[in-house]
Structures are given as structure tokens and as C-alpha cells.
Asker: 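Have a look at this one before I ask anything.
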Amino acid sequence: MGRRRSVRPSLPSVRLLSASPPIRAARHTLGDGKRRPPLAGPLQSTRTPTTGGRPPDSGVDMTTQSSGIGRIVSAAKAKLAAVTDSIGTRRARHRRRAALTQQHRLHFDLMCKAMDDPALAAVLDTYETDIPLEKQRQFLFANALYINALYFHRIEALSKAELYGHLRIMCQNRVFREYWEATLHHRQSLPETSEEFLLGRMMDDLIQELADSDTDEWWVVGEPPNDPS
């Protein structure tokens, strides 16, 4: 037998399918052969946006914006003015307190010198009756105590009601009451609208009420002022 040639079965030829031709947009032509323009899509509009018959950049919007900015500026100015007034008030109060402190120190220094030196105490002898030197020194010290209480009230460390309580304690001392009686004509020279005159009148009423009272509970005598200042 002859030698049989082996035949390899041939694979079927594979034809590559060509890619489908690209889909072209359909041309819409008019009857005369001219090309029709594409229709606008849902996101494309050929209309010109309007704002109620007025252009978008009309003066109405600018006026509204200017009005809003004006209100903001006015509110800011008002707040700044309030802060400035508050700072000015605090500064004025601080200056007044500093002046009162300086005045109080000077007064106390003068009283101390007068109590230590009889020659200087004689300068302050403005009483209507003759007062012994030792009694004058006591009166000077009583005056220092009274002015000290007024000072703490003036710098707002004591309310008027608290000052009233301190003065009621001072009035329990006989020497202080003698000093107050001896300096009555001093207070008569003060203006009736001044703070010191009004406080002196309050002191006069308190001493009189204590003298007319028949109770031993002196701490309840008198009517403290309702004004907490």
C-alpha cells in the first residue's frame, strides 16, 4: 500500500465582519433641496431669557441691593455709636473716680498734719465757740471718718442705704455728735442741690430720730433710703 498522506483538516476561514457603518444624522431637507436646520433639544433654547419685560441688569435689582447694603451700614453705625458711648461713659467714670481718689488722699493728708501739729490745727479753727485743742483734734478725726464714708459712696463702693448704716453707727459716739453740732454752720454754706448738702440733711434727720427714740435698739432707728445707689 502506498503511504497515505495525512491531510490536516483545514479550519473554516473566518471572515472578519466589518464594523457597521457609523450612523449618520439624518439629513432633513426641504422640498427645494436645501438643508433644514436641526431642531433644538430640550436643553437648548433659542429663546432669549426675559425678566418680566425688563433686561436682567435693570436698575430695580441694583436699587434693592443698595437698600439692603444701606440697612447693614446703618445698623453697623448704630452699633459702633453705642459701643463708643459705652466706652466714653466708662472712661468718664474712671476719670471721676481717679479725681475723687486724689482729692480724698489730699484731704486725709491735711487732716493728719493738722492733728499732729497744733499750729496747723489752729488754721482749721472756724468754730463759733472756743474749742479746746484736744477737742479740735478729735473733731478733725471725726471729720476724716465722715469724709471717708462719703468717699466710698461717691466711688460707688457703698450704696446710699449702706452709707446710711455706717453713719448711724458713727452717731452712737458722743464726740462725733458734738463735732456734727459744732460744724452745722459749715454745711449751711453748701448749695442746697449739692450731694454733700443732701447727705448732711439726711444725717441731721438721723441724729434727731436717734435723740427722740426711746428704744435701745438703735440699729433699727431711722428710715434707710430706698434708693440703692
Side-chain angles (χ1 to χ4, degrees), residues 90-229:
R90 288 198 299 267
R91 288 179 177 176
R93 183 177 300 177
H94 178 74
R95 289 194 297 268
R96 178 178 180 273
R97 183 172 297 182
L100 289 174
T101 301
Q102 183 65 24
Q103 179 185 7
H104 177 67
R105 289 175 179 173
L106 179 60
H107 175 268
F108 187 75
D109 290 341
L110 292 174
M111 292 298 101
C112 289
K113 292 179 179 180
M115 284 184 286
D116 293 338
D117 190 343
L120 297 180
V123 179
L124 299 178
D125 186 358
T126 57
Y127 307 104
E128 293 183 341
T129 59
D130 292 335
I131 304 295
L133 181 59
E134 190 67 20
K135 182 70 68 174
Q136 290 186 34
R137 295 177 66 182
Q138 291 178 338
F139 284 1
L140 292 175
F141 187 73
N143 175 266
L145 292 178
Y146 177 70
I147 296 300
N148 185 69
L150 295 188
Y151 162 74
F152 278 102
H153 171 63
R154 287 169 176 168
I155 65 173
E156 301 177 357
L158 288 178
S159 66
K160 187 178 292 186
E162 291 172 331
L163 174 64
Y164 188 89
H166 281 277
L167 296 180
R168 184 162 49 189
I169 295 174
M170 293 181 186
C171 292
Q172 300 309 306
N173 184 268
R174 176 184 55 82
V175 177
F176 184 86
R177 293 196 301 270
E178 291 177 358
Y179 151 76
W180 193 258
E181 181 66 24
T183 56
L184 174 63
H185 62 288
H186 293 173
R187 294 184 295 279
Q188 291 175 346
S189 65
L190 297 174
E192 295 185 359
T193 57
S194 67
E195 182 184 27
E196 189 170 353
F197 179 87
L198 297 176
L199 292 176
R201 180 65 59 83
M202 183 181 70
M203 187 72 157
D204 293 337
D205 295 340
L206 175 59
I207 291 179
Q208 187 62 44
E209 290 179 3
L210 288 170
D212 296 340
S213 176
D214 57 356
T215 178
D216 294 334
E217 298 178 349
W218 55 265
W219 52 89
V220 299
V221 175
E223 187 67 25
N226 295 325
D227 185 4
S229 61

Asker: I'd like to check Q188 versus L184 (side-chain heavy atoms, cut-off strictly below 4.5 Å). Are they in contact?
Answerer: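 The answer is yes, as the side chains (C-beta and beyond) meet within the 4.5 Å cut-off.
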
Asker: Any idea which heavy atoms bring Y164 and G222 closest together, and the distance?
Answerer: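 Looks like OH-CA, 3.2 Å.
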
Asker: Would the number of heavy atoms belonging to other residues, nucleotides or ligands and lying under 6.0 Å from CD of E195 be above 12?
Answerer: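 Atom CD in E195 is crowded, with more than 12 foreign heavy atoms closer than 6.0 Å.
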
Asker: Minimum heavy-atom separation for H153 and L158, please, with both atom names.
Answerer: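 Between these two residues, the closest heavy atoms are ND1-O, 3.0 Å.
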
Asker: Just by distance, do the side chain of T101 and the backbone of R97 share a donor-acceptor pair under 3.5 Å?
Answerer: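 It does hold such a pair.
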
Asker: Answer whether the closest heavy-atom distance between the side chains of D205 and E223 falls below 4.5 Å.
Answerer: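 No, their side chains stay 4.5 Å or more apart.
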
Asker: Give the minimum heavy-atom separation between A114 and L120, together with the two atoms involved.
Answerer: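 That would be CA-CB, 4.0 Å.
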
Asker: When you look at E181 and R177, which way does the salt bridge (Lys or Arg N to Asp or Glu O under 4.0 Å) test go after all the steps?
Answerer: CA-CA 6 Å; E181 181 66 24; R177 293 196 301 270; over 6 Å; no

Asker: Report yes if the side chains of E178 and K135 come closer than 4.5 Å at any heavy-atom pair, otherwise no.
Answerer: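 When only atoms from C-beta onward are counted, K135 and E178 do touch, with a gap below 4.5 Å.
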
Asker: Taking all atoms of both residues into account, what is the closest heavy-atom pair of I131 and Q136, and its distance?
Answerer: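 For I131 versus Q136, the nearest heavy atoms are O-NE2, 2.9 Å.
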
Asker: I want to check something: taking the side chain as every heavy atom from C-beta on, are I169 and W218 in contact at a cut-off of under 4.5 Å?
Answerer: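 The answer is yes; the side chains approach within 4.5 Å.
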
Asker: Look up atom CG in L163 and atom CG in L150, then write down how far apart they are to the nearest 0.5 Å.
Answerer: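 Rounded to the nearest 0.5 Å, the CG-CG separation comes to 6.0 Å.
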
Asker: Measuring from R137:CZ to D117:CG, what's the distance to the nearest 0.5 Å?
Answerer: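 CG of D117 is found 9.5 Å from CZ of R137.
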
Asker: Does any non-hydrogen side-chain atom of R91 lie less than 4.5 Å from one of H94?
Answerer: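 Heavy-atom side-chain distance check fails, nothing below 4.5 Å.
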
Asker: Drop me the distance from K113's NZ to L124's CG, to the nearest 0.5 angstrom.
Answerer: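 So the NZ of K113 and the CG of L124 are separated by 12.5 Å.
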
Asker: State yes or no: are the ring centers of Y179 and Y146 separated by less than 6.0 Å?
Answerer: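 No: the rings miss the under 6.0 Å criterion.
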
Asker: Side-chain contact, heavy-atom cut-off 4.5 Å: V221 with E217?
Answerer: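 They are not in side-chain contact.
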
Asker: Does OH belonging to Y127 count more than 12 external heavy atoms closer than 6.0 Å?
Answerer: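 Yes.
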
Asker: To the nearest 0.5 angstrom, please state how far the CG atom of D109 sits from the NE2 atom of H104.
Answerer: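 Interatomic distance, D109 CG to H104 NE2, rounded to 0.5 Å: 9.5 Å.
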
Asker: M170 and L145: which non-hydrogen atoms are nearest, and at how many Å?
Answerer: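 Smallest heavy-atom distance, with atoms named: CE-O, 3.5 Å.
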
Asker: Does D116 CG have over 12 foreign heavy atoms under 6.0 Å away?
Answerer: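 Result for CG/D116: enclosed.
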
Asker: Could you measure the distance from the CG atom of L199 to the CZ atom of R154? Nearest 0.5 Å is fine.
Answerer: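 The CZ atom of R154 is 7.5 Å from CG of L199, to the nearest 0.5 Å.
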
Asker: Report the distance from atom CG of L110 to atom NE2 of H107, rounding to the nearest 0.5 Å.
Answerer: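 Rounded to the nearest 0.5 Å, the CG-NE2 separation comes out at 7.5 Å.
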
Asker: Write down the atom of R168, the atom of V220, and the distance for their closest heavy-atom approach.
Answerer: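 It is NH1-C, 3.9 Å.
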
Asker: For a 4.5 angstrom cut-off between non-hydrogen side-chain atoms, does W180 reach R187?
Answerer: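 Yes, side chains in contact.
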
Asker: Show your working on salt bridge (Lys or Arg N to Asp or Glu O under 4.0 Å) between R96 and E156 and close with a plain yes or no.
Answerer: CA-CA 11 Å; R96 178 178 180 273; E156 301 177 357; 5.4 Å; no

